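Index from 1, following the sequence. As the structure is a computational prediction, the values presented were derived from the model and not from experiment.
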Amino acid sequence: MRAQGYLAFAVGICLTAWACLFAMETQDRQIADRFSHDTDKVARDTEARLKTYFDTLLAIRGTFAVHGPVSRGDFHRYVNELHLADRYPGFQAIQWVLRVPDDELARHLAAVRADTDVEPAGYPAYRVHPTIVRGDHFPVVYTEPMAGNENAFGLDLAALPAHLRALELGRDTGEVVATERITLVQDASGQPGFIARLPVYRKNAPLGTVEQRRAALVGFVAIVFRVNDLMREVLDPQILGHLHVVIHDTGYMLDATPPAPGIDGLLFDSAGKLGGRRAARAVVPGLVSKAVLNVGQRRWLVQVAGYDGVRYGRDRGTIWLIGGCGFLISALIGVLLVTLQRRRALAQTLRAALQEQGALQDSAVVGIGLFSDGRVVRCNRGLEEMLGYPQGALAGLSTARLIQEAPEAPDPFVCGPAGQRMHRELELTRRDGGTMWCIVNGRMLDRQAPDKGCVWVLCDISDRRRTEAALAQQKEQVEQAHRELSDVLDRLRQAQDTLVTSEKMASLGALVAGIAHELNTPIGNSLLTATALGDMVTDFQRQLDGPGIRRSALEAHLDDAKTACDIIAGSLGKAADLITSFKQVAVDQASDQRRRFDLAGVVRDTLATFAAQLRRAGCATRVEVPDNLDFDSYPGGVSQVLSNLINNALLHAFDGRPQGLVTIAARPLADGMAELRFSDDGVGMSGRTLHQIYDPFFTTKMGQGGSGLGMNIVYNIVTGVLKGSIRVESMPGSGTTVVITLPRTVPSAAAA
């Protein structure tokens, strides 16, 4: 009777285990449904909010289409009426980009500077930047609000390839087009952003074909977004606290093969990887969702994962409650069976109970077995099916046949010495030789009689283990790829630093070689003349020690000595001038000291150090710099710019030509500015070369002495150190002109 009561208790425990598993599966389904609803809401809210924002672009274009050109004041008032801070907090700015043909650029500049519709003083400092030579320019003419967006005012989008492609696509399609991930020029935080633009065409113009739309294009209305601000507005903070949302830009929808998501296209990461670091949180395995959004003809990949927590975690209290209740009920059933008074009734009841329990065990999705003394005493049909044995074949089988361990290893199907429950994961061997992983839970059948064995419940977790192994392998591959990418980036940074240093050392080496060659002639002449003078003195001494010397010989000796002294003085004076110029140029290039200097003197000193190289190249120089053009700036930067331009001309401009001409001219401008022109009559440049001239490591002489950093260094010195601007004008076969506009007094903020 007692044995049957214990058996009933074991069956109850098995049923309790099954109920707990069923409860966990039910909770998992509910979690999956809740996660699916939340991810759909994230995608819908993002798409709906972006559509609302893009509808604003359509409204602004409608204003242009109805009224024609809109003045700055009307645009300013229109945007103010939108109340961006309250209604559209995701906006960084609303802009008007005007199409300006190159031949109308000067008139456009004058019109904007004289525009007093909003600012009574106009915009006298307005300029289109960066300076490029192109048929059409697309400067940002209106930007609202202006505060915080001053850097975008006058920005020529035609000079930026990513923006230019979006403009051309919008012009040809007439639809809203978004840019790729960019860093906004008006945003000092470096957060990712993008710009959505909509083309505006000439009123009443035909727009049926691409050619008609290109001809009728007037400009673009644009909205500037910072993605973090946009997503903070779109996403529900209560839901976002339980989700890890990542958004990648994977190219235009029209691209045949979109690129794989990468760090370069990462727009948003709710875990804070683009902002500050946050503590890593565990995500629920399998709770991952992906969605593709069409944002201004760009393909946005939205990836969402669920964090393990209150919203997507299992309610373990309920499972423990089911287990506790099941255990209690099982214990009560066992006690009831033991305390029945009549054996017949008890036997009849136990017989029926055993039949029911056997049916339940056989229908259970888990394996249940009684193991004792290293053998399977009995088991349910579920365990036989799991291991591939026919009915009744497992009874009496040694447990060593079921495990992968060595035969001398201890039997894993043994409970603790005090009869406590055991829980572990084991790899078992099926009848056909295959393996499977199971979670096994064991309990001693009778602590008073350990020889009766233990009851074990086995659950197949092979699929989970395979998934875990695959995830671990993928994680290792991702970490390896990340390490390799980090190594490549470190090597690229080291190579760039080395090339910049090599460029500076090569320039200094050229100065030293040139000055050494120039000093050789005057010093050699001085040495030769001094030697000849010594010989004349010796001869004169011999005549003086003789019978006597005539007046004519004395006068001839004096004339020769005077001539020799003049030659020595002239040669040494020329050498001293060269050394002075070299010292000035070398000191200026080796330091960043700001001082007052005369531009003509810096030009002459720099040319003096290149005299030998220019002469060997057959290159003549012409200097048209006034003597009274004073600067309070950095002469080292000016000298480095001139040195790089001269080296560029010698390396590229006169390739294959026996001679050439370099002209350096300067003139003062209004408002304390000055213009420095460096021109050559060399071979000139193609449009493609001109477009890439400032790119680092771009050179047409790779492997022939060109490093690709010369003009990049020039651009950085002119715009960063000297606070000026630079533009290059060139045509194939017509030479090259570099026009540099510099402040004669560098602003004190730059000096600091």
Side-chain angles (χ1 to χ4, degrees), residues 2 4-38 238-239 241-243 281-287 306-340 349 353-354 356-370 380 382-383 386 415-416 418-426 437-447 454-461 463-465 467-468:
R2 182 175 296 177
Q4 294 173 347
Y6 285 140
L7 183 60
F9 176 75
V11 172
I13 293 298
C14 295
L15 291 175
T16 301
W18 176 85
C20 291
L21 292 174
F22 179 78
M24 287 189 290
E25 291 178 357
T26 302
Q27 290 183 7
D28 289 343
R29 285 195 298 270
Q30 294 174 348
I31 290 171
D33 293 341
R34 189 181 305 123
F35 176 75
S36 176
H37 175 270
D38 292 344
Q238 295 181 349
I239 296 179
H242 303 283
L243 295 175
R281 295 178 60 185
V283 298
V284 179
L287 284 189
Y307 288 129
D308 188 7
V310 176
R311 190 170 183 85
Y312 304 121
R314 288 173 176 166
D315 185 0
R316 295 175 177 82
T318 301
I319 297 174
W320 280 107
L321 179 62
I322 294 174
C325 291
F327 180 83
L328 181 60
I329 292 173
S330 300
L332 290 175
I333 292 176
V335 171
L336 180 62
L337 291 176
V338 172
T339 56
L340 287 177
T349 304
L354 287 174
E356 293 176 359
Q357 291 168 1
L360 288 174
Q361 289 179 351
D362 290 338
S363 63
V365 296
V366 296
I368 305 171
L370 175 63
N380 70 339
L383 181 60
M386 285 171 55
C415 293
Q420 63 266 34
R421 297 177 62 178
M422 303 298 293
H423 175 85
R424 60 170 65 93
E425 294 184 4
L426 286 177
W437 279 94
C438 294
I439 292 180
V440 295
N441 292 274
R443 179 183 177 88
M444 188 174 291
L445 187 63
D446 187 355
R447 294 185 181 183
C454 301
V455 176
W456 292 88
V457 178
L458 296 84
C459 180
D460 186 3
I461 59 168
D463 291 340
R464 194 198 77 183
R465 291 297 294 259
T467 301
E468 290 175 350

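- Going from atom CD of Gln30 over to atom CG of Asp33 covers 8.0 Å, rounded to the nearest 0.5 Å.
- Scanning all heavy atoms of the two residues, the minimum distance from Cys454 to Met444 falls at SG-CA, 3.7 Å.
- Annotation for Ala19 and Ile322: closest pair CB-CG2, 3.8 Å, computed over non-hydrogen atoms.
- Of the candidates Ile31, Asp308, Asp38, Ile31 is the only one forming a side-chain contact (heavy atoms from CB on, under 4.5 Å) with Leu287.
- Across all their heavy atoms, Glu425 and Ile439 have their closest contact at CG-CG1, 4.0 Å.
- Closest heavy-atom contact between Cys14 and Val457: SG-CG2, 3.9 Å.
- Here the CD-CD1 distance, from Gln27 to Ile319, works out to 4.5 Å after rounding to the nearest 0.5 Å.
- A donor-acceptor distance shorter than 3.5 angstrom exists from the side chain of Arg34 to the backbone of Arg311, with no hydrogens or angles considered.
- Taken from CH2 in Trp456 to CD1 in Ile368, the straight-line distance is 14.0 Å, to the nearest 0.5 Å.
- Between the Thr16 side chain and the Gly12 main chain, a donor and an acceptor come within less than 3.5 Å of each other.
- Of all heavy-atom pairs between Val366 and Leu458, the closest is CB-O, 3.4 Å.
- For the pair Ser330 and Ile13, the tightest heavy-atom approach, listed with the atom from each and the gap, is OG-N, 3.4 Å.
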